[in-house]
2 protein chains.
Amino acid sequence: MGLRERKKERTRAELQRHALRLFRDQGYAATTVDDIAAAADVSRSTFFRYFPTKEDVVLLDDVDPVMERVAAELPVGTPLIEAVRIIVRDAFGSLDDEARALEEVRMDLARTIPEIAAILRERNSFGVEQIAGMVSRGIGRPADDPEVLLFAGVVVGARYAALARVHAGRTTSYLDELDAMLSRLVTGIPLADEPIRAPRPDPARSPA
Amino acid sequence: MGLRERKKERTRAELQRHALRLFRDQGYAATTVDDIAAAADVSRSTFFRYFPTKEDVVLLDDVDPVMERVAAELPVGTPLIEAVRIIVRDAFGSLDDEARALEEVRMDLARTIPEIAAILRERNSFGVEQIAGMVSRGIGRPADDPEVLLFAGVVVGARYAALARVHAGRTTSYLDELDAMLSRLVTGIPLADEPIRAPRPDPARSPA
DNA sequence: ATTCTTTTGACACTGAGTCTCACTTGAGGC
DNA sequence: GCCTCAAGTGAGACTCAGTGTCAAAAGAAT
């Protein structure tokens, strides 16, 4: 790996490091791309050469290729829902220390700054189509099959639920929470048969 | 309802009508807010007084209050997953002709212009927290309860699956598709126990 | 007709994102 | 070591979304 590559990697890391620090210190909206570039001692143009948008500096996505690799190593016959659990856990678990540390910072920011939580919720990693593609390959059904899409949607939903827990400050580990959510799904959809009670007035609208 | 109110409503409708028309004709990114304002014969400022962002002109949200009303009228004891199905169907079903027509246009745009599909997927109506709030009221559990959030996440996931079908051009009616997705959920998560097959090379990466 | 309030348009400003062009700097052949 | 080429960088101009202010216009109320 030549000097050029190393320098590039260093610049990218510097930009991300300073960006996250600034976001933490002075908030997301209050931090301009100029601020970040200045802190990392590069020009504004350079920032956009490394990250297509300001939001992207929060994201990472070293995870996707790892997920593919883990998926390819699963024993044939594993039930789909179990496979998802294993893939998620192993893929995140196999991140190196640096990536893992970055992940921690990112989740902490998500808990602290609502704007970042929104970015992660909307943009992070996997969408329905992406998961549907993996499922499609895993069980040999078309990727636009309704059941394949619905399964993928449920997985994405579990992710959102985990992120909501993080956002509510009810957990410190997004990964553990996601794993717990997926575990619950193994026994079906929770509360599906729960009977609804007599309707009561929306507490948000009733007098305090 | 005074002249003032009527005029306001007309302006809002005009802005939305022209915006959707322009988006359809020349694309979302290529249409500036100035274009929309000019077409509707108002100033740029006025546009932003009616819609906080350019994206918002695609959205509607006459639906939320209706959902609340439908929810309040459900018989006590209805299973939660059934309740969701009924609420969604009745709430959308009770839209007036104009709102329904707008919904059609919006879904058509979503199928045609990927950018609009993304906006709908990310911003439209209900997020996990919002649904969790309704569920919380319906069954009397805290809104940040893991199972409540997971259930809400699953519902959102079903929505995404339906939107993915629309996006793939496999259906013309988003509503019917969503209803079908929720029906499937009544019998549990589809494909959950489906065994995965021997891994095969990613077709996207294999030679054509 | 008069006041009062809401809506509106004109304008200025910030910041994200795009583009171009000239420059520097690492890589590799000689 | 030198030269050449390509990759990476910086400066700056430009577009457009979104915010804020302020004064003029138009509907409502008396």
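Residue numbering restarts at 1 for every chain, and letters A, B, ... go by the order of the sequence lines.
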Query raised in the report: Going by an N to O cut-off under 4.0 Å, is there a salt bridge joining B:Arg165 and A:Asp144?
Result: no
Query raised in the report: C:dG26 P sits how many Å from A:Arg10 CZ, rounded?
Result: 11 Å
Query raised in the report: Can you tell which of C:dT7, D:dG10, D:dT9 lies closest to the side chain of A:Val42?
Result: D:dG10
Query raised in the report: How many Å lie between CZ on B:Phe47 and P on D:dG18, as a whole number?
Result: 8 Å
**Report entry** For atom NZ of A:Lys8 and atom C1' of C:dT25, their distance in whole Å
**Finding:** 14 Å
Report task. Please determine, by modelled atom types, if A:Tyr174 and A:Arg159 share a side-chain donor-acceptor pair under 3.5 angstrom. Result -> yes
Requested in this report: Might you point out which heavy atoms bring A:His18 and A:Ala40 nearest each other, and give the distance in Å?
Outcome: ND1-CA, 3.8 Å
Requested in this report: Establish whether the base of C:dA10 is bridged to the side chain of B:Ser43 by a donor-acceptor pair shorter than 3.5 Å.
Outcome: no
Report task. Determine the contact category for A:Phe51: base if any of its heavy atoms lies under 4.0 Å from a base atom, sugar-phosphate if only primed atoms, P, OP1 or OP2 are that close, otherwise nothing. Result -> nothing
Query raised in the report: Quick one: which of D:dA26, D:dA17, D:dG10 gets closest to the side chain of A:Thr46?
Result: D:dG10
Report summary line: Value for CZ (B:Arg12) from OG1 (B:Thr46), rounded to nearest 0.5 Å, stands at 12.5 Å
Requested in this report: Applying side chain to side chain contact (heavy atoms under 4.5 Å, CB included) between B:Leu182 and each of B:Ile87, B:Val88, B:Val154, report the one that passes.
Outcome: B:Val88
Query raised in the report: Within this structure, what is the CD-to-P distance between A:Glu5 and D:dA7, rounded to whole angstrom?
Result: 11 Å
Query raised in the report: With the threshold set at 4.0 Å, does a side-chain nitrogen-carboxylate oxygen contact exist between B:Arg17 and B:Glu14?
Result: yes
Query raised in the report: Between atom CG in B:Asp41 and atom P in C:dA10, what is the gap in whole Å?
Result: 11 Å
Query raised in the report: Does B:Arg4 get its side chain close enough to the base of D:dA28, under 3.5 Å, for a donor-acceptor pair?
Result: no
Requested in this report: Look at the side chain of A:Arg44 against the base of C:dG15 and say whether a donor-acceptor pair falls under 3.5 Å; ignore hydrogens and angles.
Outcome: no
Query raised in the report: What about A:Thr32: does its side chain form a donor-acceptor pair under 3.5 Å with the base of C:dA16?
Result: no
Report task. Rounded to the nearest angstrom, tell me the gap between atom OH in B:Tyr28 and atom P in D:dC16. Result -> 14 Å
Report summary line: Picking from C:dG26, D:dA26, D:dA17, the nucleotide nearest the side-chain atoms of B:Phe48 would be D:dA17
Query raised in the report: Does C:dG26 have OP1 or OP2 sitting under 4.0 Å from an N or O in the side chain of A:Lys7?
Result: yes
Query raised in the report: So, for B:Ala143 and B:Ala132, which heavy atoms are closest and what is the spacing to 0.1 Å?
Result: O-CB, 3.8 Å
Report task. Using only heavy-atom distances, decide whether a donor-acceptor pair under 3.5 angstrom links the side-chain of B:Arg6 to the base of D:dG27. Result -> no
Query raised in the report: Rounding to a whole Å, what distance do you find between B:Tyr50:OH and D:dG18:P?
Result: 18 Å
Query raised in the report: Checking A:Arg100 against A:Phe92: charged group under 6.0 Å from the ring centre and within 45 degrees of the axis?
Result: no
Query raised in the report: In whole Å, what is the span from the CG atom of A:Leu3 to the P atom of D:dT9?
Result: 11 Å
Query raised in the report: Between the base of D:dT19 and the side chain of B:Arg49, is there a donor-acceptor distance below 3.5 Å?
Result: no
Query raised in the report: So how far off straight is the helix from C:dA1-D:dT30 to C:dC30-D:dG1, going by the axes through five pairs at either end, to 10°?
Result: 10°
